[in-house]
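Because the structure is a prediction, the values reported are computed rather than measured.
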Amino acid sequence: MSYPVPTYKKLPENVQPRFLEDEGLYIGARPEVPRACQNIMENRLLTQEPGRKWFGDDGRILALPNPTKGFPSRPPMLTREQDIKAELETLYKKAVKYVHRSQHMIGSGDPPGNFQLDIDISGLIFTHHPCFSREHVLAAKLAQLYDQYLARHQRNKAKFLTDKLQALRNAVQTGLNPAKPHKSLDTTQKAINEYKSEIRQTRKLRDAEQEKDRTLLKTIIKVWKEMKSLREFQRFTNTPLKLVLRKEKVDQKADEEAFEAEIQAEISELLEEHMEEYDQKMEGYRAAYQQWKAWKKAQRAKKKKKKQAVEEHPHGEVEQPCPGEEPVKPVPPEPTDRALVEQQVRERAARSRRRPGEPTLVPELSLAGSISPNEQCPRAEVLRREDVKRRSVYLKVIFNDKEVSRTDSRPLGADFRVHFGQIFNLQIFNWPESLTLQVYETVGHSGTTLLAEVFLPVPETTVVTGRAPIEEVEFSSNQHVTLDHEGVGSGVPFSFEADGSNQLVLMTSGKVSNSVSWAIGENGIPLIPPLSEQNIGFRSALKRADAISSIGTSGLTDLKKLAKWAAESRLDPNDPNNAPLMQLISVATSGESYVPEFFRLEQLQQEFNFVSDEELNRSKRFRLLCLRSQEVPEFRNYKQIPAYDREIMEKVFQDYEKRLRDRNVIETKDHIDTHRAIVAKYLQQVRESVINRFLIAKHHFLLSDLIVEEEVPNISILGLSLFKLAEQKRPLRPRRKGRKKVTAQTLSDGDIKVLVNVIRAYDIPVRKPTASKFQQPARSSRTFSEKRAASPTTRSPTHSADYPLGQVLVRPFVEVSFQRTMCHTTTAEGPNPSWNEELELPFRAPNGDYSTASLQSVKDDVFINIFDEVLYDVLEDDRERGRGIHTRIERHWLGSVKIPFSTIYFQAKIDGTFKIDIPPVLLGYSKERSLILERGFDAARSLSAGSYITLFITIEPQLVPGESVREKFDSQEDEKLLQATEKFQTECALKFPHRQCLTTVTDISGKTVFVTRYLKPLSPPQELLDAHPNDPQATAELVARYVSLIPFLPDTVSFAGICDLWSTSDQFLDLLAGDEEEHAVLLCNYFLSLGKKAWLMMGSAIPEGAWYTERNTRLGSHEAWGPTAYVLTREQSHYLIWNPCTGHFYGQFDTFCPLKSVGCLIGPDNIWFNTQRYDSPLRINFDVTKPKLWKSFFSRSLPYPGLSSVQPEELIYQCTDKAAAAELQDRIEKILKEKIMDWRPRHLTRWNRYCTSALRHFLPVLERSRGEDAEDDHRAELLKQLGDYRFSGFPLHMPYSELKPLTEAVYSTGVHNIDVPNVEFALAVYIHPYPKNVLSVWIYVASLIRNR
Amino acid sequence: MAAAGPSVFLLMVNGQVESAQVSGRGSCPPSPQSPRGPIARPPGLLRGSGEFPEYDELYCKYCFVYGQDWAPTAGLEEGISQITSKSQDVRRALVWNFPIDVTFKSTNPYGWPQIVLSVYGPDVFGNDVVRGYGAVHVPFSPGRHKRTIPMFVPESTSKLQKFTSWFMGRRPEYTDPKVVAQGEGREVTRVRSQGFVTLLFNVVTKDMRKLGYDTGPPDTQRASGPSPPQGLPQ
């Protein structure tokens, strides 16, 4: 039964067995099964089941690699079931503190370390000894070669490579004729190419191996022959070595065929290679040839030129052609000759390979030879043998440079081998540092010499006794020995030749076979010192953690080299033993950049990341915290960030994200026309950059920010304080001190109140008795002559319609609204009422945030509206008049004052008389002109100068105002000039600390600029100049109006207290927004171009509603008015003071001029500081040429250096698109109408179209007359058209910036508050376009009540 | 949602500003020989100097400084104590025993409250001048804690100013005592140390463990219950 089964039976028909191993695939070691068993099994499988599924492609039974374990193991014995629990029970063990022990000392508290190192010294062989005879030398050589041969034979690399070559060739063959056509051609081609290159490599390697084998064999034979001849020559034998060459017959014919086939295969391959090479070379040649040709051509052309050049300039230096640069004409490569290749191949084969048919030679070395006895030897040889016998050798074991033991002295044998066979057990305490064996030789009794030292490696901790292999450690000595007998000596030249040529010098050398290992104690624990005690503990600890690999480079320093080695040595990549290595290599080679070029410092960071970066980014809470700490405006004061992500609403980020998104998107929804939308965006960006700068500056502290310290006092203050010393420190009746300022953090809603003291008003318009003008029946449509309404209540004879003058015909009251909270005073009587009432309005900060930064940005305004209270008799029946009063109160808006909260906040209190903003046409009211006429000293003053109200506004409790930024901006000004400005300012501040002195300002890019650079004649639009060609005064007024129509920066509050930026006039006109300096600068420049003498006047004025910014809290702190900029012009005989923001002008001696003090005047080429005793414009002399009164900046000592202007050469005005303005007008009207309807949610809002169109016609008239002197005509016209209605309304006029101020203005008039059932409304909007997109907006709102 | 756990933790602090040991040379005009640095002297051992009157009749103010995520829910976060004079016995102690009682709520331990103390007292001429600033964090762990804070005052910028400020009774002061609880901008100041104030805190916290913050001492952790820290929000 145990006949082997033929292969064809085990495989499908016509299939050759396939050997995977030959194809380079890994096949594990099969389990060892006796051949007979295999045969039985195969036979049985074939007969029982005719299927072939049990057999592999190679015709053998399928088998997995050997599954058996290399060592025995046994499962834990469990005696009883309940014991399992006991086994699984965990046991608490207290952690033992690790005590560091030093390297060489065993800690006293520790048990004595009984560590043991076993050193097994088995023997010693001399590969050369002085007593070697010549034969010995050859014998040693032969033995060495034979060893080499054996080693090579065992590895049999040549055979391996030949097989591989064969397999590769097969692979190429199958690849070229693919059995499976579905494989893509590309990959096959690629694979074949790879195979080919591999074949090339393998062939080279195989040839080299074969040649080496052959050479080795030849050398062995040569040495053996030498030895034989030596033995013959000396006629005695010293060594038992004997070499037998065994011949193995080979099949001559098969061998020859194989040889020839091999050669043919090689030739064809080589030819193919050569062809490829030839093609490549040809390619190269063609390219080179082209190049050469081109060069040649160029050269020829050059030569021609040169000839011409030589002819033209016979004396000029002619460039010599550089012969070195001349390219060599390329030589075409030669095609390969098949015969030549064949010849080469055959030569090589002859050299490195066994000839075909030649028997294989197998050398066998044996010690079977006999040594000639002493008697047959010559004397010298006998002497040598005796000398050898006298010698003995022993070894010393040196541990940590100390001798610990030595071997017995053993005599040297005739074969120069010494056997010791001794094992030394070294009981040690310390980690071994060095382990050395010293070889000593004793000659007779004369003494010992140290031959050599052998250094043994300290074994790894895994090497324990019983497992340690015997190793041979070579040693050699450098001693020189010359002997007088047959011995060749050591370190002395000798020769085998008779003539002494071919000298050899050999040194004493040998091998010690030994093994060093760690002993194992009784309980199986290796007696090894603890690892921590290993020397250089620090470094080894590092090594353990593989610090290098953790910082980005690996302990294997050159992975590429490793990969190369692995590729060259053909490691089987499928062998599981190699798997980790292969994986490492694949990782190393997959990305070329794996071997990192970086060096990582925080290599342990990963371990400290308790959550991945991704997750961290996803955390809303973390994001919120980050944004807050970056002081992003939306989150700057975000309080109480929730503890969990889930509590953070997504909408928290919405505004912020929207802002980020919209940064570059122009939003046209809020800003009806695009130009202003762009401007608003730009301003937003400027503001952001300024605020960022401010935030940075806020984190930069000066001593004065932190510490309050008295300045060094001068002597007078010192004297005063001396007097103070005598004062009582805690007087019982203390004097009044300033209010304590409250830090904002402690405040909450309801703590802060705005107090408005309404004291009195002047020149309130009075109701006009119209009956005299329009001769109409008393009881019909005299709707706006309220005298009739008033009469029933007052029942005073003075209120009759016919009363001529001086009648009390107005009942004004004041309503203050702030943050949509309303408060009003009682009703007073007459045009000059006195209320003296205090109104208290609560203040609520945005988001309940009372920090300084938040309070600074409050944009709410305090509206102070003056109304006339009108009583209408609504009694239907005259018969009831005696029994009851039935009236309705109506209120008619007369005017308003608007004060921003920020002004109050910075100023702490506002105390002064304000001009009431009264609409240009107030139907049914007129000013009492008599009063104005009494004042009439000023010809230029308009009669409708206005009404005034005296107010006192403050905040309770007083808040600490924000600090202004004191960042030092960089500048392009001359350093000297800057120093001069500082000096000038300090000098001025010393004399008049409260007068404003301005020398440098900050431009829009944040640079400090000398202020006079802003002043330069700039011509106003031609359109304005053409309007009144013969009236310079009218032109000036028109220009002032034009300037005043440029809107105020709507969000000055954001800059308030931070810094003040000055834009140039063209920037100002482009932005169409600015504060009073920009207006003043532009107006001043226009006046200069009109040929007027004009100055910029810096001073303090009553704040005019929104048109007021706080620049310096210190300056204004004790005064009711704030610093501002006006324009001063000199007419022929007098000075005029222009308010650039309203377009109004005042004479110098006008008491109602809002400008209250003058600090300095700025002209185009100088600055004058007011050094007069008084600073009120009424009392000062404006003649700047008088140095006693005005201190000038540039003087004789510092002449004006002629500073260039920052202003443009000229301003360019584009005409405003009329159609766009008209469209805007319609849109505003529509929006306002919608708003009014929204404000009246409970009532029906009817629009009177007829009235609206009448109003619309009237508005252009108002624009033309600038709101003056049009009232009477207008009234007449209205009366004509709307005879049946009681009409109450007024036009509002303002510059156009955006929609919100317009709606606010309409809202504040309270027109919509009428709730008479049959009320109708009329609203008309008119926009007058001025050049450069400056728009003047008129809104006429009115309510109409049809008379019965 | 709401039952998932607390969204804030509470920190209740009570205790008192117990006493002060103010050492130092008192107010003296600077002389060229006077040493620049403070004279080290153990607290409590005050030298009875006849030359310069020692600090006496001191009162102190306290306030809390805390981060944006913190809000006081109950109690006073600012206070000013009575004026105390030195005891007549050998200890010469200045005792206020001024109670503190305040409760905070917070969502975030960042910005943990600090108490800022500023001590004032009359100088030679009877002007109220500052005698020391100091700050300390409220202890993190619940329990009773005693803290002794070293105090310091800002120095005058020059000798002349030192003299005039002494003479006029207007010593340099911080614009806001809360400056001493923050690190920003301190580099521009110079201070001199003088005296100590002893504070006693009793700290109770609520829900800190539930929010994942563990401040207790290790042995009390086990005792305080098995509520596991919730860790990071999901």
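Between chain A and the residues Ser106(B), Ser156(B), Ser165(B), the largest count of heavy-atom pairs under 4.5 Å involves Ser156(B). No other option in Pro154(B), Ala71(B), Ser7(B) has as many heavy-atom pairs under 4.5 Å with chain A as Ser7(B).
Residues of residues 111-118 of chain B lying under 4.5 angstrom from chain A, judged on non-hydrogen atoms, do not exist here.
Put simply, CG on Asp69(B) and CD1 on Ile641(A) are 5.0 Å apart, with the number rounded to the nearest 0.5 Å.
Crowding of Glu187(B) atom CD: a count of heavy atoms from other residues, nucleotides or ligands under 6.0 Å exceeding 12.
For Tyr59(B), the ring pair (Phe, Tyr, Trp, His ring centres under 6.0 Å) criterion is met by Tyr120(B), not counting sequence neighbours. Judged as a salt bridge (Lys or Arg N to Asp or Glu O under 4.0 Å), and not counting sequence neighbours, the contacts of Glu657(A) are Arg623(A). Qualifying side chain to side chain donor-acceptor pair (under 3.5 Å) partners for Asp655(A), counting only residues two or more places apart in sequence or in other chains: none.
In this structure, Thr175(B) and Ile707(A) approach most closely via the heavy-atom pair CG2-N, 4.1 Å. In this structure, Lys105(B) and Gln640(A) approach most closely via the heavy-atom pair O-NE2, 3.4 Å.
Residues Glu647(A) and Thr107(B) form no side-chain contact, since every pair of their non-hydrogen atoms from C-beta on lies 4.5 Å or further apart.
Neither the backbone nor the side chain of Arg618(A) has a heavy atom closer than 4.5 Å to any heavy atom of chain B. Only the side chain of Tyr110(B) comes within contact range of chain A, with heavy atoms under 4.5 Å apart.
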